[in-house]
Amino acid sequence: MLRLGDAADSLPRTAEAGSARVDHLVVLGLVPPGARVLDIGCGDGSLLALLRDRRGVDGRGIELSREGVNACLARGLPVIQGDADTDLENYPDKSFDVVVLSQTIQATRHPRVVLEHLLRIGRQVVISFPNFGHWRVRAELAFRGRMPVTEILPEAWYETSNIHHCTIRDFVGLCRVVGARIEKATALDARGRPMRFSMPWWFWNLVGAQGVFLLRRED
């Protein structure tokens, strides 16, 4: 039985990076020092900069928005404008040690295809996403009959870029479909903090606001 929380011992226990988002610190704990990293959907570059400064990674980024690319360049990060749905096929196999997709897969048009490319491009994949199976999301739908607005899903349905909501259970199923081995996994609470005890996946599917997974393609 899959149990989440196995990554807890390797995660930073304090906000050692100052004002860094706690979920970014979780990702930080999964990336080895000096790794060659591709951060897809890197936004303003805050995670990539954290990996560079704290892990000494050789980092590259892809970002769809021009504003995000400009923010990354202002940080001195090598980032290009690109689309995860169309541009990943141009990267050769195993060209990076780690590929990171943070809070982005639910905004892609073809999540399965994107995940297959990640597993092809990187020796390891770190991926995080909001859990649409969280109890508050379920409560909004069940008792108010409305699409939820929560800490991790802060935008109204007509403004969000999220087009493929999934649960932790859904993502585990997708990993089986594409032949991805889950090496480590943890769930985060509504504040982005890791839940530091191991429980069966169905429990985290109910109380985890986010999931963070370290994957590798099965041989």
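- Looking only at distances, a side-chain donor or acceptor of R138 sits under 3.5 Å from a matching main-chain atom of G133.
- In this structure H117 satisfies the side-chain hydrogen bond (donor to acceptor under 3.5 Å, both in side chains) test together with R120, sequence neighbours excluded.
- Every residue meeting the side chain to side chain contact (heavy atoms under 4.5 Å, CB included) condition with P32, not counting sequence neighbours, appears here in chain and number order: A35, V98.
- Taking R193 as the reference, V22, D189, R191 meet the side chain to side chain contact (heavy atoms under 4.5 Å, CB included) condition, with sequence neighbours excluded.
- Pairs engaging residues 74-91 under the side chain to side chain donor-acceptor pair (under 3.5 Å) rule: R66-Q81 [sequence neighbours left out].
- Listed by first and then second residue, the salt bridge (charged side-chain N to carboxylate O under 4.0 Å, His left out) pairs that reach into residues 160-171 come to none, sequence neighbours excluded.
- Annotation: side-chain hydrogen bond (donor to acceptor under 3.5 Å, both in side chains) contacts of S46 (sequence neighbours excluded): D44.
- Among residues two or more places apart in sequence or in another chain, the salt bridge (Lys or Arg N to Asp or Glu O under 4.0 Å) test is passed with R217 by none.
- Between F132 and H165, the angle of the ring planes stays under 30°, which puts this pair in the parallel group of the 30/60° scheme.
- Between I163 and R109, some side-chain heavy-atom pair lies under the 4.5 Å cut-off.
- Residues passing the side-chain hydrogen bond (donor to acceptor under 3.5 Å, both in side chains) test with Q106 are N162, sequence neighbours excluded.
- Judged by distance alone, with hydrogens and angles left aside, the side-chain atoms of R55 form a donor-acceptor pair with the main-chain N or O of V31 at under 3.5 Å.
- Scored by the side chain to side chain contact (heavy atoms under 4.5 Å, CB included) test, R144 finds E140, R146 as partners (sequence neighbours excluded).
- Contact check for V172 versus I182: side-chain heavy atoms found under the 4.5 Å cut-off.
- Residues satisfying the side-chain hydrogen bond (donor to acceptor under 3.5 Å, both in side chains) criterion with R123, sequence neighbours excluded, are absent altogether.
- Within the structure, ring pair (Phe, Tyr, Trp, His ring centres under 6.0 Å) contacts touching residues 47-80 (residues at least two apart or in different chains) do not occur.
- Annotation: salt bridge (charged side-chain N to carboxylate O under 4.0 Å, His left out) contacts involving residues 153-165, sequence neighbours excluded, are absent.
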